[in-house]
Amino acid sequence: MKINKKIISSVLALMMMFSLGMTSVSAMELTQENLADTENLDTTAGTYNGEAYNEYSVDGSSGSIAAGSASSVIVLNAEATNFDVTIPIALRVNAYADGSITTPDSMSSTSKGLAKIINNCVLGQVEVVSAKINLNGWTATAFDADYANMKVNSKNIGFKINGLEMATDGTILANNTATDTISSIFDIDANTAGVEEFEDYSFTRSGSSPFPIIANGSVLPIEYSAKIPGLDADLINVVPGSIVITVDFYK
C-alpha cells in the first residue's frame with residue numbers, strides 16, 4: 001500500500017498546531033446577571049463564585065499566548081440626597097361685606113401672590129403625591145353650592161387648588177399620576193413665546209396637569225379660590241383648617 005507523504009505532512013502539521021495551544025483562554029467577564037448576584041460576587045477578593053474575574057492568564061509553555069479580557073467592577077458608595085421642598089406658610093382668604101372674596105396669596109397670571117411649592121433639592125425632580133385639607137370645625141361643601149342662600153355663620157367652605165375642588169372629606173389630590181413637568185426661571189421680562197410669565201417667574205410646562213412634576217430648582221405656582229356663606233360678625237385670623245401637602249422625589 002502506498003502512503004501519500006504530502007497527506008502525512010499535512011496531518012502532522014495540524015497536530016503540531018493543536019499541540020502548541022492555539023485555543024484562546026478567557027478569564028471571567030462579569031455580566032449584568034453576575035453583578036446582580038451579590039451572594040456569589042466578592043468585590044473585595046475579586047472573585048465570582050470563587051473564580052477570579054480580574055485576572056487573565058494563559059500558560060506560555062504551550063507555545064502561544066492569546067490576547068484576552070478580564071473585568072473590573074465599579075464600587076459605589078452614596079448617601080441619600082438631601083430632600084428640601086418649601087410649601088406656602090398660609091393661603092389667605094379675604095371675604096368682604098359686599099360678598100366678594102379675594103385670595104391675595106394666589107399665584108397666577110392675574111393674581112400676583114407668592115404661593116408656590118419650591119424644589120430646593122440639590123438633585124432630582126419632586127412631585128406632590130397628595131393634598132388634603134384638615135378642617136377645624138368647618139364643613140367641606142361643594143364649590144358650586146348656593147352659598148348666597150346658606151344659613152349665616154354656618155361654617156361651610158368650598159375650596160379649590162390649581163383647579164381641583166376639595167372633596168367632602170377634605171381631599172384635594174389623592175394619588176398624583178402626573179408625568180408632565182413644570183420648569184421655571186426667575187426672570188421678570190423673559191417675553192418668550194409659549195412661556196407663562198407671572199410674578200417674577202417664567203414657566204414652561206410639558207403638559208396640563210394641575211400638579212405636574214417640579215423640575216430641579218423650579219417652582220409650582222399655587223392658585224386657589226374659596227367660598228363661604230354670609231356672616232353676622234367679623235372674623236379675624238380664623239383658621240378653618242390646614243392643608244397637608246405630601247411631596248417626594250419623582251421616581
Side-chain angles (χ1 to χ4, degrees), residues 84-120 126-174 176 178 182 184-188 196-203 205 208-212 214 217-247:
D84 188 353
V85 173
T86 302
I87 65 172
I89 294 174
L91 302 179
R92 291 175 295 163
V93 176
N94 296 332
Y96 297 96
D98 63 1
S100 63
I101 294 178
T102 63
T103 51
D105 298 313
S106 189
M107 187 177 184
S108 71
S109 57
T110 58
S111 181
K112 306 297 184 180
L114 297 174
K116 54 186 174 289
I117 298 174
I118 310 171
N119 179 0
N120 303 306
V126 301
E127 64 175 338
V128 175
V129 177
S130 62
K132 183 176 182 179
I133 299 177
N134 291 330
L135 293 171
N136 178 31
W138 289 65
T139 301
T141 309
F143 197 81
D144 60 357
D146 186 4
Y147 288 86
N149 287 300
M150 291 181 184
K151 283 186 176 182
V152 171
N153 304 329
S154 57
K155 290 190 174 181
N156 293 317
I157 184 169
F159 213 88
K160 281 185 179 181
I161 300 179
N162 286 12
L164 297 182
E165 182 178 342
M166 174 179 59
T168 54
D169 65 351
T171 298
I172 295 288
L173 178 69
N176 192 4
I182 185 169
S184 66
I185 57 173
F186 190 76
D187 187 1
I188 297 176
E196 300 174 58
E197 297 177 22
F198 48 92
E199 191 45 40
D200 295 330
Y201 292 89
S202 293
F203 295 94
R205 296 176 183 261
S208 58
S209 296
F211 286 92
I214 307 171
S218 297
V219 308
L220 172 65
I222 297 299
E223 183 176 4
Y224 66 99
S225 52
K227 290 183 179 180
I228 62 170
L231 303 168
D232 66 2
D234 293 347
L235 298 180
I236 307 298
N237 292 331
V238 169
V239 178
S242 63
I243 304 172
V244 179
I245 299 176
T246 302
V247 290

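Throughout, residue positions are numbered sequentially from 1 according to the sequence presented. The model shown is predicted, which means the values in this text are computed figures rather than measured ones.
To the nearest 0.5 angstrom, I228 atom CD1 is 5.0 Å from I101 atom CD1. In this structure, N119 CG and I214 CD1 are separated by 6.5 Å, a value rounded to the nearest 0.5 Å. Atom OG1 of T141 is separated from atom CG of L135 by 8.5 Å, given to the nearest 0.5 angstrom. To the nearest 0.5 Å, atoms OG (S106) and NZ (K116) are separated by 12.0 Å. Summarising the geometry, atom CG belonging to L220 is positioned 5.0 Å from atom CD1 belonging to I117; distances are rounded to the nearest 0.5 Å. With values rounded to the nearest 0.5 angstrom, F186 atom CZ is found 13.5 Å from S218 atom OG.
Across every non-hydrogen atom of I182 and P212, the tightest pair is CG2-CG, 3.7 Å. Considering all non-hydrogen atoms of both residues, T103 and A226 come closest at CG2-N, 4.4 Å. Taking all atoms of both residues into account, the shortest heavy-atom contact from Y147 to N156 is CE2-O, 4.2 Å.
The environment of D98 atom CG is dense: over 12 non-hydrogen atoms of other residues, nucleotides or ligands sit within 6.0 angstrom. Heavy atoms from other residues, nucleotides or ligands lying under 6.0 Å from CD1 of I89 number 12 at most.
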N/O donor to acceptor pairs below 3.5 angstrom from side-chain atoms of residues 238-247, sequence neighbours left out:
{"residue": "T246", "atom": "OG1", "partner": "S130", "partner atom": "OG", "Å": "3.4"}

Using atom types as modelled, flag every donor-acceptor pair under 3.5 Å from a side chain in residues 161-172 to any protein atom, sequence neighbours excluded.
{"residue": "N162", "atom": "OD1", "partner": "E223", "partner atom": "N", "Å": "2.8"}
{"residue": "N162", "atom": "ND2", "partner": "P210", "partner atom": "O", "Å": "2.9"}
{"residue": "N162", "atom": "ND2", "partner": "P221", "partner atom": "O", "Å": "3.3"}
{"residue": "E165", "atom": "OE2", "partner": "F143", "partner atom": "N", "Å": "2.7"}
{"residue": "D169", "atom": "OD1", "partner": "T171", "partner atom": "N", "Å": "3.0"}
{"residue": "D169", "atom": "OD1", "partner": "T171", "partner atom": "OG1", "Å": "3.0"}
{"residue": "D169", "atom": "OD2", "partner": "T171", "partner atom": "OG1", "Å": "3.2"}

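Considering only heavy atoms from C-beta on, M107 stays 4.5 Å or farther from I222 through its side chain.
Judged by distance alone, the side chain of N176 and the main-chain N or O of V128 form a donor-acceptor pair under 3.5 Å. N94 places no side-chain N or O within 3.5 Å of a backbone atom of T102 that could act as its donor or acceptor partner. Side-chain N or O atoms of S184 include one that pairs as donor or acceptor with a backbone N or O of V219 at under 3.5 Å. In this structure, the side chain of D232 does not engage the main chain of V152 through any donor-acceptor pair within 3.5 Å.
Using cut-offs of 30° and 60° on the angle between ring planes, the pair F159 and Y224 is parallel.
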